[in-house]
Amino acid sequence: MRHSLARPALIATGACCLISSAPALAHDEQHPLNPESQIGTRFKQKPNSLDEAQRRELVNYVALCVQKSVPQRTDWYLRNSDDKSYVKPKGSHNIGTFLVVDYCLGDTMIGATKERGLSTSQSAMRGLLAEQAYLANRRTYIAPPPDSVVPARTFVATGDDLPIARGLAQFEDCIAMTDPAGADALLRTKPASIDEDTAARALAPALGKCLPKGQTLSFTAQSVRSFAAEGMWQRFVAPTAPSYTGQP
């Protein structure tokens with residue numbers, strides 16, 4: 001069974017690649033989808049709102065919790081999804097249940113005093129999980145050998161979504177091939193920090209090289225981080241054989 005996921009188009013600009021500090025639009029973070037595609041549970045709490053740094057820290061912690069709690073399921077999911085769609089796990093009501101996201105959200109929100117719904121789309125969580133899975137497998141950066149082979153991606157999307165998924169994958173893989181050290185450095189920064197913004201801006205030459213000719217896009221530090229995470233997972237973790245058989 002396949003489930004379609006929308007991902008907002010990047011914003012065209014008049015420059016090659018502009019990196020903004022504004023909240024990221026990549027991976028639908030700002031626009032959750034239908035309940036089956038959405039990962040997250042809304043919690044009623046005391047009035048106060050999460051600022052951008054707090055929200056980023058929270059969803060990043062949820063992704064880390066998922067990776068630590070069910071690493072084999074995280075790996076299976078990343079191998080059976082793309083930027084637009086995913087294979088629904090057998091026996092699970094939805095992907096959030098399979099990835100124990102409700103458990104991780106509940107653990108994260110204990111003692112919180114904020115009143116707002118915290119919800120993150122499935123496509124947003126994919127980039128976060130790719131980052132955590134990459135960092136779990138690469139405690140420090142190790143340059144790839146010149147003859148390293150990156151396995152072909154698995155695409156789940158169909159119809160009009162398929163060329164979009166392929167285009168995004170090509171862009172992500174190009175970033176990881178062009179400046180893997182810079183992409184790695186970005187993933188090791190704290191979300192919504194000055195260091196993150198600096199590392200994202202340092203990737204601008206790679207972004208410009210990887211963009212299709214004649215295309216101009218605007219990026220945020222968060223969207224660049226997400227693209228880099230998916231490319232780095234594909235290049236460094238995907239070649240490793242899974243430690244499980246079938247669906248974990």
Side-chain angles (χ1 to χ4, degrees), residues 5 7-8 10 17 19 23-29 39 55-68 71 73-84 86 95 99 101 104 120-144 150-151 153-154 165-193 195-204 206-207 210 217 219-240:
L5 298 172
R7 190 175 184 182
L10 293 173
C17 1
I19 300 177
L25 295 178
H27 291 293
D28 305 335
E29 290 253 9
I39 286 182
R55 187 192 66 80
R56 293 276 313 277
E57 184 177 5
L58 209 51
V59 295
N60 192 69
Y61 180 83
V62 170
L64 177 59
C65 172
V66 171
Q67 166 62 28
K68 286 188 173 183
R73 291 187 182 188
T74 299
D75 184 81
W76 183 90
Y77 160 67
L78 290 170
R79 294 177 190 273
N80 289 277
S81 63
D82 55 39
D83 281 296
K84 297 293 289 183
Y86 67 95
I95 193 68
L99 295 173
V101 172
C104 289
T120 302
S121 69
Q122 188 271 345
S123 55
M125 186 58 70
R126 188 180 192 279
L128 292 165
L129 289 176
E131 175 179 333
Q132 294 302 332
Y134 168 76
L135 293 175
N137 281 271
R138 293 270 166 164
R139 299 297 181 182
T140 59
Y141 176 68
I142 303 173
V150 181
R153 292 221 187 192
T154 296
R166 284 176 170 164
L168 288 168
Q170 184 177 12
F171 179 65
E172 294 160 357
D173 291 341
C174 179
I175 293 172
M177 293 291 291
T178 303
D179 189 0
D184 177 273
L186 173 59
L187 299 183
R188 297 184 192 280
T189 63
K190 182 178 179 180
S193 66
D195 288 343
E196 179 192 58
D197 187 67
T198 300
R201 291 177 185 278
L203 277 177
L207 300 178
C210 294
L217 302 174
F219 299 95
T220 67
Q222 185 178 1
S223 66
V224 173
R225 186 182 190 123
S226 186
F227 291 132
E230 299 222 33
M232 294 295 278
W233 181 87
Q234 183 66 26
R235 184 173 191 190
F236 291 93
V237 183
T240 305

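- Contact detail for Asp179 and Leu203: the closest heavy-atom pair is OD2-CD2, 3.5 Å.
- Contact annotation: the side chain of Gln132 never approaches that of Thr74 to less than 4.5 Å [non-hydrogen atoms, C-beta and beyond].
- Taken from CD in Glu57 to CG in Leu64, the straight-line distance is 11.5 Å, to the nearest 0.5 Å.
- Taking CG of Leu168 as the start and CG of Asp173 as the end, the distance is 10.5 Å to the nearest 0.5 Å.
- Taking the six-membered ring where the residue is Trp, Phe171 and Phe227 present perpendicular rings, their angle passing 60° and hence far from 30°.
- Between Glu172 and Arg153 there is a salt bridge, with a side-chain nitrogen of the basic residue lying less than 4.0 Å from a carboxylate oxygen of the acidic one.
- Listed for the Asn80 side chain is a donor-acceptor partner under 3.5 Å among the backbone atoms of Trp76.
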*Mind running side chain to side chain contact (heavy atoms under 4.5 Å, CB included) on Leu129 and Leu99 for me, showing each step along the way?*
CA-CA 10 Å; Leu129 289 176; Leu99 295 173; 3.7 Å; yes
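- Not a single donor-acceptor pair under 3.5 Å links the side chain of Ser226 to the backbone N or O of Gln222.
- When each of Arg201, Glu131, Glu196 is paired with Leu186, the side-chain contact (heavy atoms from CB on, under 4.5 Å) condition holds for Glu196 and for no other.
- If you take OG1 on Thr154 and CG on Asp82, they are separated by 9.0 Å, rounding to the nearest 0.5 Å.
- A distance of 9.0 Å separates CG of Asp184 from CZ of Arg138, quoted to the nearest 0.5 Å.
- Residues Leu78 and Ala130 come closest through the heavy atom pair CD1-CA, 3.9 Å.
- In this structure, the side chains of Cys210 and Thr178 come closer than 4.5 Å at one or more pairs of heavy atoms.
- Interatomic distance, Asp75 CG to Asn137 CG, rounded to the nearest 0.5 Å: 8.0 Å.
- Inter-residue side-chain proximity for Met125 and Val62 is flagged as met; some heavy-atom pair is nearer than 4.5 Å.
- Counting only N and O atoms by type, the side chains of Thr220 and Arg225 include no donor and acceptor under 3.5 Å apart.
- Contact annotation: the side chain of Gln234 approaches that of Pro151 to within less than 4.5 Å [non-hydrogen atoms, C-beta and beyond].
- With hydrogens and angles disregarded, no donor-acceptor distance shorter than 3.5 Å links the side chain of Asn60 to the backbone of Arg56.
- Rounding to the nearest 0.5 Å places OH of Tyr134 at 7.0 Å from OH of Tyr141.
- The shortest side-chain heavy-atom distance between Met232 and Ile175 does not fall under the 4.5 Å cut-off.
- Considering all non-hydrogen atoms of both residues, Thr189 and Ala199 come closest at CG2-CB, 4.2 Å.
- Between the side chain of Ser193 and the main chain of Lys190, a donor-acceptor pair closer than 3.5 Å is present.
- Taking Arg235 as the reference, nothing meets the side-chain hydrogen bond (donor to acceptor under 3.5 Å, both in side chains) condition, with sequence neighbours excluded.
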